[in-house]
Amino acid sequence: MCGFVGTIKTDKLSDDVIVNMANRIKHRGPDDEAYFKDDKVMMGFRRLSIIDLAHGKQPMENNEETTVLTFNGEIYNFKEVRKDLEALDYVFKTNVDSEVLLHGYDAWGSKLLDHLRGMFAFSIYDRKNGKIFAARDHFGMKPFYYYNDGENFMWGSEIKAFLDHPGFKKEFNMKYLPYHLSFEFIPGRETLFKHVFKLLPGEFMTYDIATKDLKCERYYKFEYDMDPNKQVEESSQEIEKLVDDSVDAHMIADVEVGSFLSSGVDSSYVLNEASKLKDIQSFSLGFDDPRYSELAWSTKFAEKINQKNTEIKITEADYFSSLPTVLYYMDEPLSNPSAIQLYFLAKSTSKHVKVALSGEGADEFFGGYNTYLEGDTFHKYQKYVPGFVRSALAAAVKPLPRFHGRKFLIRGAQPISERYYRVNYVYNEDERAKLLKDKSLNVDTGLMTKHLFDEVSDLDEKSQMQYFDINAWLPYDILHKADRMSMANSLEVRMPLVDREIAKYARTLPVSNRFSGAETKYAFRLAAKNNVPSDVAKKEKMGFPSPLATWMKEDKYYDLIKGAFTSEVAQRFFNSDYLVEILDKHRAGQSSMQKLFTIYSFLIWYAVYFKEDVPEGFLESITVPVPAMNKVG
């Protein structure tokens, strides 16, 4: 578990550039550093030692010194892959998983990726063919960014590493601001930095150094292959076996492993299975206000299985003062309030262990979000009410903001690609028209993800929503914040439920095995029920709640946010009067927490990464207080 950087070498680059780039992401690997340089390429590596602590230094070369590897992640089946390669007469020098990538590339080329089970992002410099080969894991657990402006080409685990490259021209990508305002993230290759792109989940890349030709190809995509004959009892038994196997695989480490624990079934189930293998300390975060805290539940569960749980509490001062640091580590603005909680959870956990298990993934693969249930309601409405009637009703109630049922009637006239609430998760098109200073930016953001719904248009609406979440919400929100907030604190987070084998089985589950009436994650909960107490297995999802909405109504933070919304920086992008209107409505009880926090987070992020474009003291004026931070820009 580490961080890496690389760049195509030019005459203008001094050797210390790669060192500075790697140091920028030292938090990803504080244990060791190393570098590779030749006349074409420079590569840097920061290591967080987890397996075979004395060996496995990177950049790592193969036996013939024709390929050079930098790798971030864990290959959980590396021992099996190693046996296959040894049968092909490849000789290994270490016991680390990274070496199978080098020999696997030599043996199979890009087909290496078909052999891997794990979370990973890696780059291989193919010296013989003059190419860079890079890949990212199936679901996007580990990040890979690259910068390509036609002249300079560089890559790394985090965007901030590019700040120390003299060829990196830092420019805000205004075109994609409305997408951020709609989704909370950009669900595609693009980022909010011009010429900076993501390698997508399940994708590999080849870059020809001589011709500057870049190609990206998919090697994996989650696709449903439902078996309507599967019985839920059979499915729950199979899920039990898969979870048991996956947790076992994810426990491989030469350092102590801990586990995050909420009150929900997912993390409880993971912890329970891990505790069967060895004693494992868990960590839970909450607040003094019991309405937003899961600590009582989580500690009670840990005690039931005879494991130690460490409780962590944060205050509103902790929350607001951490925002500049959190958004620095995030690379791009992600306004999910739970990210701040995750940052503090990881920070405290890292004082005890180097690796922590987490329960992410079950909701997406097994159908755990309550919003999926609305698929039945809209299906019936659209089946029995003709389209022209639905359209007429939507048009009639649109100008009536206080009409009861208005939102349902408007959404009922829309196709699921527009209606699914994560598509306009924060601001819809009408709201963006009021919000954005430059009206020409307000494009139909749903077109960016329409292809996901088109790919499964023959399936039921619940499956379509899950498919969207597996391909968008999971990688760009859930897994993004899990990686950034843990690695900011030099902690490796492993997710046994985001796993190739788990997904392989989940894709076969019919709807009846995922939902039973109003019960979500039906088969998964039955599997959990055989291992954890019934009240835990049945518990409704809380979703890492926080008192943020309440805090925003307090004078101190209301004034803080209002100051940000009326600032010169805010007025550069947004209609400040509209923002204050939303803020006042929230204070009056019309909750708009997500809308407010999205803009507030964006302004802080912009001030952190584009400090030279904001008035002096702006960041200090909208955060109280500002903690010590890494240098930026």
Does any donor atom in the side chain of [X] or [Y] lie under 3.5 Å from an acceptor atom in the other side chain?
| X | Y | result |
| --- | --- | --- |
| S262 | S267 | yes |
| Y343 | D318 | no |
| R514 | S463 | yes |
| S182 | T445 | yes |

Is the centre of the [X] ring less than 6.0 Å from the centre of the [Y] ring?
| X | Y | value |
| --- | --- | --- |
| F162 | Y145 | no |
| F120 | F144 | no |
| F185 | H180 | no |
| W605 | F193 | yes |
| Y421 | Y369 | no |
| Y220 | F139 | yes |
| W551 | F287 | yes |

message: Name the residue from F602, F565, Y606, Y600 that meets the ring pair (Phe, Tyr, Trp, His ring centres under 6.0 Å) definition with F574.
response: F602
task: Applying ring pair (Phe, Tyr, Trp, His ring centres under 6.0 Å) between W473 and each of Y420, F468, Y425, report the one that passes.
output: Y425
- prompt: Is the Lys NZ or Arg CZ of K160 less than 6.0 Å from the centre of Y328's six-membered ring, within 45° of the axis?
  reply: yes
- request: Please confirm whether K462 makes a cation-pi placement over F515, using NZ or CZ under 6.0 Å from the six-membered ring centre and within 45° of the ring normal.
  value: yes
task: Could you walk me through whether M552 and M593 pass the side chain to side chain contact (heavy atoms under 4.5 Å, CB included) test, one step at a time?
output: CA-CA 8 Å; M552 285 180 166; M593 182 269 286; 3.9 Å; yes
message: Taking atom CD as the centre, does E581 end up with more than 12 heavy-atom neighbours from other residues, nucleotides or ligands that are less than 6.0 angstrom away?
response: yes
Just say parallel, tilted or perpendicular for the rings of [X] and [Y], cut-offs at 30° and 60°.
| X | Y | result |
| --- | --- | --- |
| F597 | Y319 | tilted |
| Y179 | F183 | parallel |
| F153 | Y207 | parallel |
| F222 | F365 | tilted |

Carboxylate-amine/guanidinium contact [X] [Y], below 4.0 Å:
| X | Y | result |
| --- | --- | --- |
| K398 | D430 | yes |
| D454 | K450 | yes |
| E203 | K215 | no |
| R419 | E461 | yes |
| K313 | D288 | yes |
| D137 | K142 | no |
| D477 | K481 | yes |
| R422 | E184 | no |

Heavy atoms, side chains only, cut-off 4.5 Å: are [X] and [Y] in contact?
| X | Y | value |
| --- | --- | --- |
| L327 | Y609 | no |
| E418 | R411 | no |
| H586 | K595 | no |

- request: With salt bridge (charged side-chain N to carboxylate O under 4.0 Å, His left out) as the test, would you mind laying out the steps for R28 and D483 before giving the verdict?
  value: CA-CA 10 Å; R28 296 189 75 92; D483 173 82; 2.9 Å; yes
query: Given the rule in the salt bridge (charged side-chain N to carboxylate O under 4.0 Å, His left out) test, do R24 and E158 qualify, once you have shown the distances and angles that lead to the verdict?
result: CA-CA 9 Å; R24 175 72 71 162; E158 297 184 12; over 6 Å; no
field: Chi angles and distances behind the side chain to side chain contact (heavy atoms under 4.5 Å, CB included) call for N489, M485
entry: CA-CA 7 Å; N489 293 288; M485 297 299 91; 5.5 Å; no
- request: Please report the closest heavy-atom contact between H138 and Y219, naming both atoms and the distance.
  value: N-OH, 3.3 Å
- request: Any chance you could lay out the salt bridge (charged side-chain N to carboxylate O under 4.0 Å, His left out) test for K521 and D266, step after step, and finish with the verdict?
  value: CA-CA 10 Å; K521 279 189 297 201; D266 307 337; 2.8 Å; yes
message: Test side chain to side chain contact (heavy atoms under 4.5 Å, CB included) on H195 and F168; report intermediate values, then the result.
response: CA-CA 9 Å; H195 306 302; F168 175 65; over 6 Å; no
